[in-house]
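So that the names make sense, note that chain A is the first sequence line, chain B the second, and so on, each numbered from 1.
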Amino acid sequence: MGEIVSGWGCSGGREEIPVPATLEEAVAVQEELRQWVRLDPLGRNVRYIAGADAAYDRDTVFGAAVLMDFPGLRRIGSAVVKEPVRFPYLPGLLAFREGPVLLRAVAGLGTRPDFVIFNGHGFAHPRRIGLASHLGVLLDLPVFGVADRPMIGVVGAPGPERGSTSSLRDGDEVIGMAVRTKEGVRPVYVSAGHRIDLATSVKFALSTACSYRIPEPLRQAHLLSRAASRGQSG
DNA sequence: GCGACAG
DNA sequence: ATCTTGTCGC
């Protein structure tokens, strides 16, 4: 029997990501979605890219997505949405907490980008289905994740110069990469999400992070959601 | 059993 | 994620 961890809400059942009632159920959803994840090289010319992130204000989640052209990196669109928090933060199950708002934010762009960057991990997850992979499958779009720190695995420090990398390994397999996007600044951790491979993900993480440590679409989405959560104009 | 554990 | 000002350093 599945033990009920807690009352995680009673949605009307019309979300892109149904709210699991138990831990077992959430993991079962991940194992199902995992079968659809494909990490192949990106086979298309990149013109439009997006970044999405979430911020909180008590029991409300704000999701923001920013659309930019590439390689110009000019902002050509954005969307901000909010909704009540329906799932707790549980390491390994982040997609169930932030997925709904993030999907709505990306949809709000009104344009399907060539790929999306999410704040968190993709393949570098205990079950190989982190938030980025999870949402990539639901969006059926190429996506990769960029995180502040690894969740699992061991990694060495990349060289101090921008562009240096160091493999994030879980046993024998490379699950992600520590990437120095800015000289002398701590690295970000990149992992493929869906319909893109690690090397290509790293390439784009670097080509979209010029002045700052965080890839521009993600950085701006972060600022947008943050501003919204604090009731500002953005 | 103990510690770790994206945001 | 979030609570929070100034401050040290390149």
query: Which part of the nucleic acid does A:G145 contact within heavy-atom distance under 4.0 Å: base, sugar-phosphate only, or nothing?
result: nothing
message: Please report the distance, rounded to the nearest Å, between CZ in A:F87 and C1' in C:dA1.
response: 16 Å
Whole-Å gap separating P (C:dG9) and CD (A:E183): 20 Å
- request: Describe, in one word, how the ring planes of A:F96 and A:H134 are oriented to each other, choosing from parallel (under 30°), tilted (30 to 60°) and perpendicular (over 60°).
  value: perpendicular
field: Sugar-phosphate only, base, or nothing, as touched by A:I152 at under 4.0 Å among non-hydrogen atoms
entry: nothing
- request: Considering non-hydrogen atoms only, spot the tightest contact between A:A54 and A:L102 and give its length.
  value: N-CD2, 4.0 Å
- request: Return the value, rounded to whole Å, for the distance between atom NE2 of A:H121 and atom P of C:dA1.
  value: 13 Å
field: A:R74, CZ atom: more than 12 neighbouring heavy atoms under 6.0 Å
entry: no
task: Using chain A heavy atoms and a threshold of under 4.0 Å, write down where along DNA chain B the contacts begin and end, 5' to 3'.
output: B:dC5 to B:dG7
query: Taking atom C1' of C:dA1 as reference, at what distance in whole Å does atom CZ of A:F62 sit?
result: 13 Å
query: Where do A:L93 and A:R127 land on the side-chain contact (heavy atoms from CB on, under 4.5 Å) test, with the steps shown first?
result: CA-CA 10 Å; A:L93 300 178; A:R127 287 175 294 282; 3.7 Å; yes
query: Heavy atoms under 4.0 Å, any strand shown: does A:Y89 hit a base, just sugar-phosphate, or nothing?
result: base
message: Taking atom CZ as the centre, does A:R112 end up with more than 12 heavy-atom neighbours from other residues, nucleotides or ligands that are less than 6.0 angstrom away?
response: yes
query: With a 4.0 Å cut-off on heavy atoms, is A:A55 in touch with a base, just the backbone sugar-phosphate, or nothing at all?
result: sugar-phosphate
query: Between A:D148 and A:R213, does at least one N-O distance fall below 4.0 Å, as a salt bridge requires?
result: yes
message: Base, sugar-phosphate or nothing for A:D57? Non-hydrogen atoms, less than 4.0 Å.
response: nothing
